[in-house]
Amino acid sequence: QVRLVESGGGLVQAGGSLRLSCAASGRTFARYAMAWFRQAPGKEREFVAGIDWSGGSTSYADSVKGRFTISRDNAKNLVYLQMNSLKPEDTAIYYCGSSNSRWPTAINDEYDYWGQGTQVTVSS
């Protein structure tokens, strides 16, 4: 049984930082790409950042480039999202997704497992 558990969300002021973590189990974690998506109230889930199976290649949504960094530790089955210079528009529930491929995409359907999400709220 594959399980993804996110943590690290919370309330932060604009300009602040948060680090999200996603713990994976039940799968050979190192074989698959991972990604972070987010969903704000009334909006569709959107791609934030992705990382390939080895950690050697990353991709980001334009809205977070230069502010967010995705990384992974395959030995510990963990993926991280370091979020700096947070803005109120970053407020959303953040989800960790495990892909069915070695390389990440921005397409929801390419991810076959999801965590329960962690709330990030950025106050102005």
Side-chain angles (χ1 to χ4, degrees):
Q1 180 182 357
V2 177
R3 189 170 183 226
L4 302 176
V5 180
E6 301 97 335
S7 60
L11 173 64
V12 64
Q13 289 188 334
S17 298
L18 283 174
R19 188 194 197 202
L20 306 184
S21 298
C22 174
S25 62
R27 194 181 213 188
T28 307
F29 176 76
R31 290 182 181 174
Y32 302 99
M34 300 289 292
W36 290 93
F37 283 68
R38 67 187 181 188
Q39 188 168 18
K43 296 187 177 181
E44 294 187 352
R45 187 176 297 189
E46 65 174 2
F47 174 79
V48 175
I51 189 166
D52 78 335
W53 63 281
S54 70
S57 178
T58 58
S59 57
Y60 297 92
D62 288 343
S63 59
V64 307
K65 277 181 183 175
R67 300 188 298 121
F68 291 10
T69 303
I70 188 171
S71 60
R72 67 189 297 164
D73 184 338
N74 284 346
K76 296 181 179 179
N77 287 0
L78 289 167
V79 63
Y80 304 101
L81 185 67
Q82 177 67 44
M83 306 186 295
N84 299 328
S85 302
L86 282 161
K87 304 175 181 180
E89 51 264 43
D90 294 318
T91 295
I93 299 175
Y94 284 70
Y95 297 91
C96 171
S98 180
S99 174
N100 54 26
S101 169
R102 288 184 173 233
W103 292 273
T105 73
I107 302 171
N108 270 289
D109 290 345
E110 298 285 328
Y111 296 83
D112 44 9
Y113 296 102
W114 295 92
Q116 82 289 348
T118 185
Q119 176 71 48
V120 171
T121 303
V122 185
S123 63
S124 57

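Since this is a predicted model, take the numbers as computed values, not measurements.
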Table please: side-chain donor-acceptor pairs of residues 55-62 below 3.5 Å, with sequence neighbours left out.
unit_1 : atom_1 : unit_2 : atom_2 : d
Tyr60  : OH     : Ile70  : N      : 2.9
Asp62  : OD1    : Lys65  : NZ     : 3.2

Exercise. Take Gln119 and Leu11 through the test side chain to side chain contact (heavy atoms under 4.5 Å, CB included) and record every step on the way to the result.
Key: CA-CA 8 Å; Gln119 176 71 48; Leu11 173 64; over 6 Å; no
Is it true that a side-chain atom of [X] and a backbone atom of [Y] form a donor plus acceptor pair closer than 3.5 Å?
| X | Y | value |
| --- | --- | --- |
| Asn74 | Trp53 | yes |
| Thr118 | Tyr94 | no |
| Arg67 | Ser63 | yes |

Practice problem: Decide yes or no on side chain to side chain contact (heavy atoms under 4.5 Å, CB included) for Val64 and Arg38, but give the supporting numbers first. | Solution: CA-CA 12 Å; Val64 307; Arg38 67 187 181 188; 4.0 Å; yes
Within the structure provided, determine whether [X] and [Y] are in side-chain contact (heavy-atom separation under 4.5 Å).
| X | Y | result |
| --- | --- | --- |
| Val48 | Met83 | no |
| Leu20 | Tyr95 | no |
| Asn108 | Glu44 | no |
| Asp112 | Val2 | no |

Closest approach of [X] to [Y] (non-hydrogen atoms, all atoms of both residues):
| X | Y | value |
| --- | --- | --- |
| Asn84 | Gln82 | OD1-NE2, 2.9 Å |
| Val79 | Cys96 | CG1-SG, 3.8 Å |
| Lys43 | Gln39 | O-NE2, 3.0 Å |
| Leu4 | Ala24 | CD2-CB, 3.5 Å |

Practice problem: Could you walk me through whether Arg102 and Asp52 pass side chain to side chain contact (heavy atoms under 4.5 Å, CB included), step by step? | Solution: CA-CA 6 Å; Arg102 288 184 173 233; Asp52 78 335; over 6 Å; no
Let me confirm one number: the [atom1]-[atom2] distance from [X] to [Y], rounded to the nearest 0.5 Å.
| X | Y | atom1 | atom2 | result |
| --- | --- | --- | --- | --- |
| Arg31 | Ser101 | CZ | OG | 13.5 Å |
| Ser99 | Asp109 | OG | CG | 11.5 Å |
| Asp73 | Tyr80 | CG | OH | 5.5 Å |
| Glu110 | Ser98 | CD | OG | 12.5 Å |
| Glu89 | Ser124 | CD | OG | 10.0 Å |
| Arg45 | Ile93 | CZ | CD1 | 9.0 Å |

Quiz item: Would Ile51 end up clustered with Val5 when hydrophobic side chains under 4.5 Å apart are linked, directly or stepwise?
Solution: no
Self-check item: Hphob cluster co-occupancy, Met34 + Val120, side-chain heavy atoms under 4.5 angstrom
Solution: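 Both belong to a single hydrophobic cluster.
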Exercise. Go through the steps for Gln116 and Glu6 under the test side chain to side chain contact (heavy atoms under 4.5 Å, CB included), then give the verdict.
Key: CA-CA 7 Å; Gln116 82 289 348; Glu6 301 97 335; 3.0 Å; yes
Quiz item: Under the ring-ring contact (aromatic ring centres under 6.0 Å, His included) rule, what pairs show up with a residue in residues 9-49, not counting sequence neighbours?
Solution: Phe37-Phe47, Phe37-Tyr111, Phe37-Trp114
